[in-house]
J.: 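Following this message is one structure expressed as C-alpha cells.
Just so it is clear: chains get the letters A, B, ... in the order the sequence lines come, proteins before strands, and each one is counted from 1. Here the structure is a predicted model, which is why all the values come from computation and not from measurement.
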There are 2 protein chains.
Amino acid sequence: MAIPRAARTQRRTRIQEEKEEQILEAALDVFSVSGFRGSTIDQIAAAAGMSKPNLLYYFRTKEAMHRALIDRVLFTWLEPLRAFNAEGNPESEIRSYIRRKLEMARDFPRESRLFANEVLQGAPHIEDELKGPLKSLVDEKAEVIRVWAKAGKIAKCDPYHLIFSIWSTTQHYADFDVQVRAVLGQEHSGAGRFEDAARFLEQLFVGGLMVQPV
Amino acid sequence: MAIPRAARTQRRTRIQEEKEEQILEAALDVFSVSGFRGSTIDQIAAAAGMSKPNLLYYFRTKEAMHRALIDRVLFTWLEPLRAFNAEGNPESEIRSYIRRKLEMARDFPRESRLFANEVLQGAPHIEDELKGPLKSLVDEKAEVIRVWAKAGKIAKCDPYHLIFSIWSTTQHYADFDVQVRAVLGQEHSGAGRFEDAARFLEQLFVGGLMVQPV
DNA sequence: GGATAATTTGACCGATTGGTAAACATTACA
DNA sequence: TGTAATGTTTACCAATCGGTCAAATTATCC
C-alpha cells in the first residue's frame with residue numbers, strides 16, 4: 001500500500017529524487033508558457049513522460065507542483081541582486097549586475113517567464129514572497145544605491161526605479177523574446193542580440209547615472 | 001430565426017454596437033489577467049453581465065473575441081511610437097515618448113497586460129502583427145534614431161535596443177504592477193509612483209543618450 | 001528468494017470547459 | 001399593429017479538467 005508522499009517523513013528514495021526532478025523540469029516547461037491557470041496536469045504529465053496518476057503520486061495537486069517550482073527557482077533568481085556589493089565600485093557593480101541579469105535572461109528564460117506569468121496575473125501564489133523576502137532584499141540594495149548617490153558617486157536618482165529599470169530591460173529579452181526576434185528579423189535574432197543588448201544597456205545606465213544630471 | 005453574426009453583411013444594429021462594446025470591455029478584463037488559455041467564456045460572460053449563449057451570439061468563438069480585442073487595441077497601443085517625429089528635437093522626442101508610454105501604462109494597464117500575456121505565451125495569435133506592422137513601424141523609427149546618432153545629435157547606440165528599453169521600462173509599471181507595489185510598500189504605491197518613474201526614466205535616457213559615450 | 005514497501009497504471013469520478021439547438025422574447029419597420 | 005428579423009434563454013452536448021481508487025507491478029531489504 002502506497003503512502004501518500006506528503007505524509008512521509010522518511011528519507012527520499014533515489015527514484016523520488018529523479019522523478020521529482022523530472023516533473024519539475026516538465027512543469028517549468030509548461031507553467032512558463034501558459035501560466036498556472038492555463039496549464040494542465042495532463043500537459044505536464046505528457047512533458048514529463050509519465051502518467052497523470054503517477055505524477056500526482058509525487059505532487060498531490062497542481063498547486064503543490066507550482067509551489068515547489070516557485071520555491072526552487074526563486075532563490076537562484078535573486079542571486080544577482082544578492083551579489084550586488086556595497087563595498088564595490090558603483091560603476092562596475094551596476095555593469096556586472098546588468099550583465100548577470102542578461103545572462104540569466106539568456107540562459108534561464110523559462111524561469112523568467114514563470115515569474116512574469118505569475119506577476120502579470122496578479123501574483124496570486126507569490127504575494128508573500130514579493131512583500132517579504134523580495135521587498136527586504138530590494139530595500140537593502142536600494143539603501144546602498146541611495147548612499148552612493150548621497151556621496152556623489154553616482155547621479156542622484158530614485159534607487160527603486162533604478163532597480164526596476166534594470167529588471168525590466170534585462171528580463172525583457174527573456175519574457176518578450178518572441179517580440180524581440182520578430183522586430184529584429186531573422187538576420188539579427190541570433191545569439192548576438194544579447195551582446196548587443198549588453199553593450200547598449202551598459203552604455204545607457206553608465207551614461208545615465210555616472211554623470212551628475214543638470 | 002437568428003442569423004449567426006459572422007454571416008451577416010448588413011449594417012450593425014444599435015444593440016450590436018452596445019453589446020459588442022460591453023463584451024470586449026469584459027473580455028479585456030478577463031484576458032488581460034489570465035491570458036487566452038487561462039480565461040473562460042463563462043468568466044467573460046459573467047463580467048459582461050450576460051449569459052454565455054448570448055455572448056456567443058455576438059462572437060462565435062473564444063478566439064473570435066480575442067482577435068477582435070487584439071485588433072481593436074493594437075492600433076491605439078502603437079500610437080505613441082507613431083507620434084515619434086523625425087523632424088523634432090531628439091531630446092524632447094525621447095522625453096515625450098517616455099512620458100506617453102508611461103501614461104499609457106498608467107491609464108491602460110489592461111491593454112498592456114493583454115499584449116504582455118500574449119507575447120509571453122509565445123504570441124500564438126499575433127505573430128503576423130509582430131512580424132508585419134509592428135516590425136515595419138519599429139524599422140522606420142529605428143532609422144530615424146540611427147540618423148540622429150550619425151549626425152551626432154545623440155550618442156551612438158543601437159536604436160532597436162533603445163526602443164526595447166523604453167518599452168520594457170515603461171510597460172513594467174503596468175505589467176508588473178503588483179510587484180512594483182509590493183516592493184515600494186504601501187506608502188509609495190500611490191499615483192505618485194508614475195511621476196517618480198517618469199522623472200527617473202527621463203533622467204536615465206537623457207543622461208545616457210545625450211552625451212557622447214567615452 | 002520471499003516479504004514488504006514503493007511505484008505505476010487503467011478505469012473512473014464529478015465539475016468545468018467551449019460550444020450548440022431550439023424555443024422564446026423583443027425590436028424594428030411597413 | 002402585424003410580422004419578420006433580431007436578440008435571449010434554457011437545456012443540453014462531448015471533451016477536458018483536477019483528482020481518486022484499487023489493483024498490478026517493481027524495487028528494497030532480510
J.: Could you tell me the separation between the CG atom of B:D42 and the P atom of D:dT10, rounded to a whole number of Å?
T.: 14 Å
J.: Any ion pair linking A:R99 and A:E202 (charged N to carboxylate O, less than 4.0 Å)?
T.: yes
J.: Quick one: sort the B:F36 and B:F31 rings into parallel, tilted or perpendicular, breaks at 30° and 60°.
T.: parallel
J.: Assign the ring pair B:F164 / A:H172 to parallel, tilted or perpendicular, where the plane angle (0 to 90°) is split at 30° and 60°.
T.: tilted
J.: Rounding to an integer number of Å, can you tell me how far A:K62 NZ sits from D:dG18 C1'?
T.: 8 Å
J.: Atom pairs under 3.5 Å, N or O on each side, protein against nucleotides 26-28 of chain D: can you list them with distances?
T.:
unit_1 : atom_1 : unit_2 : atom_2 : d
D:dT28 : OP1    : A:R14  : NH2    : 3.2

J.: With heavy-atom distances below 4.5 Å as the criterion, would you say the side chains of A:S165 and B:L201 are in contact?
T.: yes
J.: Could you tell me how far apart B:Y58 (OH) and C:dG18 (P) are, to the nearest whole angstrom?
T.: 20 Å
J.: Picking from C:dT7, D:dG18, C:dT17, which would you name as closest to the side chain of A:Y57?
T.: C:dT7
J.: If I take atom CD1 in residue B:I44 and atom C1' in nucleotide C:dT16, what distance separates them, rounded to the nearest angstrom?
T.: 15 Å
J.: Is the centre of the A:H161 ring less than 6.0 Å from the centre of the B:Y173 ring?
T.: yes
J.: Would you indicate whether A:F194, at its atom CZ, is surrounded by more than 12 heavy atoms from other residues, nucleotides or ligands within a distance under 6.0 Å?
T.: yes
J.: Could you check which residues of residues 46-56 of chain A get a heavy atom under 4.0 Å from DNA chain C? Sort them by number, please.
T.: A:S51, A:P53, A:N54
J.: Find the bend of the helix from C:dG1-D:dC30 to C:dA30-D:dT1 as the angle between its two terminal axes (five pairs each), to the nearest 10°.
T.: 20°
J.: C:dT27 P sits how many Å from B:E18 CD, rounded?
T.: 11 Å
J.: Could you tell me how far apart B:M65 (CE) and C:dT17 (C1') are, to the nearest whole angstrom?
T.: 15 Å
J.: Is A:E63 salt-bridged to A:R67, cutoff N-O under 4.0 Å?
T.: no
J.: Please tell me if B:Q16 has a side-chain N or O lying less than 4.0 Å from either OP1 or OP2 of D:dG7.
T.: yes
J.: Does either side chain, that of B:D196 or that of A:Y160, offer a donor lying less than 3.5 Å from an acceptor on the other one?
T.: no
J.: Once you round it to whole Å, what is the distance between P of C:dG18 and CD of B:E63?
T.: 11 Å
J.: Examine C:dT8: is either OP1 or OP2 under 4.0 Å from a nitrogen or oxygen in the side chain of A:K19? Give yes or no.
T.: yes
J.: Quick one: B:R37 CZ to C:dG18 C1', roughly how many Å, whole number?
T.: 12 Å
J.: Got a salt bridge between B:D158 and A:R193, using NZ or NE/NH1/NH2 to carboxylate O under 4.0 Å?
T.: no
J.: Which word best sums up how the rings of B:Y97 and B:F84 line up, parallel for under 30°, tilted for 30 to 60°, or perpendicular for over 60°?
T.: perpendicular
J.: Can A:E103 and A:R106 be counted as an ion pair, charged N to O under 4.0 angstrom?
T.: no
